[in-house]
Protein chains: 2
Amino acid sequence: MSEPPLSSLAGHFINRASRLLLRRGEPRLRALGISAAQLPVLGTLKDGLPRTQASLAALIQVEQPTMAQLLSRMERDGLVERTPDPADRRSSFVSLTPAAKALLPKAHKELVRGNAEALKGFTDEERDTLVSLLEKVIANLDSPS
Amino acid sequence: MSEPPLSSLAGHFINRASRLLLRRGEPRLRALGISAAQLPVLGTLKDGLPRTQASLAALIQVEQPTMAQLLSRMERDGLVERTPDPADRRSSFVSLTPAAKALLPKAHKELVRGNAEALKGFTDEERDTLVSLLEKVIANLDSPS
DNA sequence: ATGATATGCATAGCATCCTATCTTTTTACA
DNA sequence: TGTAAAAAGATAGGATGCTATGCATATCAT
């Protein structure tokens, strides 16, 4: 009958923080013509190395269909382009368009700004503690159950 | 040109932890016929006090249309029922069905289990630290920008 | 009392996510 | 070499979440 302490339901806080971050960041990114989910793709491709859809999905840790749809929207919006892989007819390489590259500095600035707002009042140590505890959570959940 | 330290992008870790929690929990809850988004609704209504849609949305902190759709699916699935408010023809009271009440113990167990897995290896102090840092993030983001 | 507001919900439209499947190519190995 | 297994994508189907709107009913202020 005893209720566990509220803090043992950490998932609730993680979820809520996650949604608030999106609510805060999305409108600003939308003003740039991009979305939060696209940021990791932009970041991964910004070095100019084209990547396959599968490798993007693996790096960014979303499922392949999620990445497929995300890339479709980004292609529709002129942010990425796909060029067929001559060595493998199933596959193509994804790369940023010049328009997307031009957005990178502003996008990065918004990303940093959103995080800074989330961490307002944190000492560097608190920030590092939060991240390392989250990494521990992620490690716990990332492996098969 | 200097890149900020990775840990200043705490949002990334928060998002990832959030998605992993869902991926872990959803299949188990699905086996019970419910979903993670429904848990807070079940928890809020479990005391038997009927609530309006708007008050549920406020308590659970999702937007009203989100709650409307969630309740629609729950109604479709026989988890909640709405009874019109005689005093206000715009509004109804939402309450759990007996079927939903019967699921509460198992649902609660899965909730606790998922959180326990996420926090595996955590000391009580680490757990509390994580939650209090997340609460600070939430407080930072919850107020208008 | 009545016209302006506020409130409670419903709907439309979209972006992410996920799982489950299917097709097309490649690869591997018997 | 030929067939089975693996890999890369595409698609279907569904749940959440959000913003923007619209409608009906209450409330309030003059």
Side-chain angles (χ1 to χ4, degrees), chain A residues 15-31 33-41 50-77 79-80 82-94 141, chain B residues 15-31 33-41 50-77 79-80 82-94 141:
Chain A
N15 264 283
R16 175 128 179 75
S18 179
R19 276 191 300 117
L20 285 173
L21 270 165
L22 285 179
R23 270 201 229 171
R24 177 74 57 115
E26 287 277 16
R28 296 171 182 171
L29 292 172
R30 192 158 45 242
I34 57 183
S35 73
Q38 296 171 356
L39 283 179
V41 178
R51 304 210 176 248
T52 64
Q53 182 184 108
S55 80
L56 281 170
L59 282 166
I60 291 168
Q61 317 230 54
V62 295
E63 298 300 319
Q64 171 265 320
T66 300
M67 182 56 66
Q69 291 200 329
L70 181 56
L71 290 176
S72 287
R73 287 188 298 268
M74 292 181 76
E75 193 173 23
R76 177 201 65 191
D77 297 345
L79 295 170
V80 300
R82 309 192 212 216
T83 52
D85 178 350
D88 186 336
R89 271 186 293 170
R90 293 169 304 179
S91 163
S92 4
F93 293 115
V94 180
L141 297 176
Chain B
N15 264 284
R16 176 129 178 74
S18 179
R19 276 191 299 117
L20 285 174
L21 269 165
L22 286 179
R23 269 201 229 172
R24 177 75 56 116
E26 288 277 14
R28 295 171 183 172
L29 292 171
R30 191 158 44 241
I34 58 182
S35 73
Q38 296 171 355
L39 283 179
V41 178
R51 304 208 177 250
T52 64
Q53 181 183 109
S55 81
L56 281 171
L59 282 167
I60 291 168
Q61 317 230 56
V62 296
E63 298 301 319
Q64 170 265 320
T66 300
M67 182 55 65
Q69 290 202 330
L70 181 55
L71 291 177
S72 286
R73 285 188 298 268
M74 292 180 77
E75 193 173 23
R76 177 201 65 191
D77 296 344
L79 296 170
V80 300
R82 310 191 212 217
T83 52
D85 178 350
D88 186 337
R89 273 186 292 170
R90 294 169 303 179
S91 167
S92 358
F93 292 114
V94 180
L141 297 176

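Each chain gets a letter, A, B and so on, in the order its sequence line appears, and its residues count up from 1.
Taking only distance into account, the side chain of B/Q69 never meets the base of D/dA15 through a donor-acceptor pair shorter than 3.5 Å. Taking only distance into account, the side chain of B/E26 never meets the base of D/dA15 through a donor-acceptor pair shorter than 3.5 Å. Side chain B/R90 to base D/dA24: no donor-acceptor pair is found below 3.5 Å.
At a threshold of 4.0 angstrom between heavy atoms, the contacts of A/P65 include nucleobase atoms, whether or not backbone atoms are also involved. At a threshold of 4.0 angstrom between heavy atoms, the contacts of B/T66 include nucleobase atoms, whether or not backbone atoms are also involved. B/L70 comes within 4.0 angstrom of the backbone, heavy atoms only, and of no base. Across all strands shown, A/S72 has no heavy atoms under 4.0 Å from either base or sugar-phosphate atoms. When heavy atoms are screened at a 4.0 angstrom cut-off, B/R73 is found touching base atoms of the nucleic acid. Looking at heavy-atom distances under 4.0 Å, B/Q53 makes contact with sugar-phosphate atoms alone, never a base.
If you take OG1 on A/T52 and CG on A/D88, they are separated by 9.5 Å, rounding to the nearest 0.5 Å. Rounding to the nearest 0.5 angstrom, the gap separating the OG atom in A/S91 from the CD atom in A/Q53 is 9.0 Å.
Closest contact between the side chain of A/R19 and the listed nucleotides D/dA10, C/dC9, D/dC18 involves D/dC18. Distance from the side chain of A/Q64 is smallest to D/dA10 among C/dG8, D/dA10, C/dA15.
Rounded to a whole Å, the CD atom of B/E75 is 13 Å from the P atom of C/dC9. Between the CZ atom of A/F93 and the C1' atom of D/dG9 there is a distance of 14 Å, rounded to whole Å. To the nearest angstrom, C1' of D/dT16 lies 12 Å from CG of A/L22. Atom pair A/R28:CZ and D/dT19:P shows a separation of 14 Å (rounding to whole Å applied). The separation between A/E63 atom CD and D/dA8 atom P is 14 Å, rounded to whole Å. Per the geometry, CG belonging to B/L21 stands 15 Å off C1' belonging to C/dC18, to the nearest Å. Atom pair B/R23:CZ and C/dC17:C1' shows a separation of 9 Å (rounding to whole Å applied). Distance CZ (B/R30) to C1' (C/dA20): 11 Å, rounded to an integer number of Å.
An OP1 or OP2 oxygen of D/dA24 is reached within less than 4.0 angstrom by no side-chain nitrogen or oxygen of B/R89. Taking only side-chain nitrogens and oxygens, B/R76 comes nearer than 4.0 Å to OP1 or OP2 of D/dA15.
Each of A/A87 and B/S55 has a nearest nucleotide on DNA chain C; the 5'-most of these lies closest to B/S55. Both B/S35 and B/D88 lie near DNA chain D, and the one whose nearest nucleotide falls closer to the 5' end is B/S35.
Between B/E75 and B/V80, some side-chain heavy-atom pair lies under the 4.5 Å cut-off. For the pair B/E26/B/S35, a side-chain contact is recorded, criterion being any heavy-atom separation below 4.5 Å from C-beta on.
Counting only distance, with no hydrogens or angles, the side chain of B/R19 and the backbone of A/Q61 share a donor-acceptor pair below 3.5 Å. No donor-acceptor distance shorter than 3.5 angstrom exists from the side chain of A/R82 to the backbone of A/S92, with no hydrogens or angles considered.
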